[in-house]
2 protein chains.
Amino acid sequence: MGRSNREQADMNRQRIVDQADAAVRGGGVAAVSISDIMARAGMTQGGFYNHFESKDALIAEACSSGFARSVRNWKARAQSKRQPVVGALKRRVAYYLAKKPVEQSCLIVALGQDAARHHASPALHDAFREGVEQLFATFRQVALADPSSTLSEDEMTAAFAAIVGANMLARATGDGRWSAGVETYFAARSR
Amino acid sequence: MGRSNREQADMNRQRIVDQADAAVRGGGVAAVSISDIMARAGMTQGGFYNHFESKDALIAEACSSGFARSVRNWKARAQSKRQPVVGALKRRVAYYLAKKPVEQSCLIVALGQDAARHHASPALHDAFREGVEQLFATFRQVALADPSSTLSEDEMTAAFAAIVGANMLARATGDGRWSAGVETYFAARSR
DNA sequence: ATTATCTATAGATCTATAGATAATGC
DNA sequence: ATTATCTATAGATCTATAGATAATGC
């Protein structure tokens with residue numbers, strides 16, 4: 001097959017990152033096998049090290065890239081002109097909690113345990129921390145821009161923790177009560 | 001060394017389960033290596049299969065056993081005669097969110113991702129689901145028994161999701177804001 | 001000449017099994 | 001005789017590296 005040109009090689013690199021992102025959302029770091037990811041990206045495992053220093057480096061980059069994707073998604077949907085501004089928060093929360101294919105699961109839930117481990121690379125820990133920060137900032141912006149939301153600054157922290165927790169509980173138990181309960185909570189704090 | 005008697009063998013088995021419980025709390029299923037667990041329990045890996053069918057069987061049992069331990073802990077602290085009944089929920093939440101050694105972390109946070117995976121054994125999935133149910137029931141009992149709590153039935157689901165989410169976020173990011181924010185929320189809903 | 005990719009493999013785990021050993025319990 | 005434990009190892013991964021191959025880009 002031989003060598004790709006620069007443009008193609010960059011696209012290949014991005015495909016590796018995207019596949020790692022999808023795999024991580026589906027099952028955390030344990031779900032990422034380099035030979036597997038490379039095969040899905042259409043290459044063999046030997047080529048991996050032309051693009052990344054190590055598996056840890058890939059995981060950290062997939063984390064950053066994935067959080068950026070989620071933030072873009074939140075913002076694009078919140079700013080959509082097809083929806084009224086009123087009730088935007090409630091709709092965003094409902095979408096966040098809706099059942100989705102595993103490869104589109106929330107990265108916070110998917111990587112939380114891996115990022116917490118002492119064994120985790122500093123790069124992953126930093127990327128995770130930064131990603132949570134950005135996603136929370138986006139959540140906060142949506143809440144502030146929605147005139148129907150009555151959440152105070154103090155309540156936003158608890159509300160964000162609640163949607164993350166409900167998402168994890170719903171995914172792990174298969175019980176829709178957790179999502180429904182948190183949506184009810186949000187409905188009660190909007191006018 | 002030769003064979004242990006029945007009583008000793010049962011104690012050995014329980015030590016294996018307890019070590020698996022501690023390892024799982026520290027880092028999920030990925031943190032459990034049979035040779036490691038057996039060494040910590042004072043045996044060699046070959047002896048493992050006298051006690052368990054497979055690693056999956058051990059994980060599922062560690063999950064059940066661990067949740068039972070957490071439920072006992074919640075109840076023992078909530079019913080302690082040394083503390084007033086008023087404010088019990090707030091104190092229990094503060095204790096739940098307090099920093100603890102990794103091997104005492106919350107099993108919901110530790111095993112959530114593993115239980116959600118398609119790859120997870122049905123035994124683990126069931127044990128997790130059952131454990132969450134019991135822990136939530138205990139949380140609810142504490143809330144109902146505390147005259148200072150103003151949580152409605154509807155709010156309890158969201159409140160439980162919030163403490164679980166805050167615990168995960170706090171552990172994974174190292175940021176105390178999540179625990180503090182949720183504690184503030186509980187303080188605001190008590191009289 | 002450089003380098004992106006492939007083939008092949010070394011080295012490190014980790015689960016599970018087979019067979020030996022020695023104490024238990026009938 | 002039974003069985004809890006140990007030693008040793010088979011078999012399956014998985015990360016990372018070494019060296020070959022072939023297309024790129026100067």
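Every chain is numbered from 1 and lettered A, B, ... according to where its sequence line falls, protein lines coming before strand lines.
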Could you tell me how far apart H51(B) (NE2) and dT3(D) (P) are, to the nearest whole angstrom?
13 Å
Strictly by salt bridge (charged side-chain N to carboxylate O under 4.0 Å, His left out), give each pair with a member in [range] just once, sequence neighbours left out.
range                       : result
residues 104-124 of chain A : none
residues 70-89 of chain A   : none
residues 119-131 of chain B : none
residues 38-50 of chain B   : D36(B)-R40(B)

Stems of at least 3 consecutive Watson-Crick or G-U wobble pairs (donor-acceptor distances under 3.5 Å) involving DNA chain D, listed by first number, are C:1-24 with D:1-24
Holding to side-chain hydrogen bond (donor to acceptor under 3.5 Å, both in side chains), I want the full list of residues that pass it with S152(B), two or more places apart in sequence or in another chain.
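By the side-chain hydrogen bond (donor to acceptor under 3.5 Å, both in side chains) rule, S152(B) matches E155(B).
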Across all chains, not counting sequence neighbours, the side-chain hydrogen bond (donor to acceptor under 3.5 Å, both in side chains) partners of E153(B) are R140(B)
A correct 5'-to-3' footprint of nucleotides 13-24 of chain D, with B, S and - meaning base, sugar-phosphate only and no protein heavy atom under 4.0 Å, is --BBB----BBB
Whether K90(A) engages the ring of Y95(A) as a cation-pi pair (distance to the six-membered ring centre under 6.0 angstrom, angle to the ring normal within 45°) should be assessed.
no
Listed by chain and number, what are the ring-ring contact (aromatic ring centres under 6.0 Å, His included) partners of F52(B), not counting sequence neighbours?
F48(B)
Within residues 143-180 of chain A or reaching into it, pairs that qualify as ring pair (Phe, Tyr, Trp, His ring centres under 6.0 Å) - sequence neighbours excluded:
F136(A)-F160(A), F139(A)-F160(A), F160(A)-W178(B), W178(A)-F136(B), W178(A)-F160(B)
Proximity to DNA chain D (any heavy atom under 4.0 Å), residues of residues 11-28 of chain B only:
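Residues of residues 11-28 of chain B that come under 4.0 Å of DNA chain D are, in numerical order, N12(B).
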Show which side-chain atoms of residues 23-32 of chain A pair as donor or acceptor with protein atoms under 3.5 Å away, not counting sequence neighbours.
| residue | atom | partner | partner atom | Å |
| --- | --- | --- | --- | --- |
| R25(A) | NE | D21(A) | OD1 | 2.8 |
| R25(A) | NH1 | S70(A) | OG | 3.4 |
| R25(A) | NH1 | S105(A) | O | 2.9 |
| R25(A) | NH2 | G66(A) | O | 2.8 |
| R25(A) | NH2 | S70(A) | OG | 3.1 |

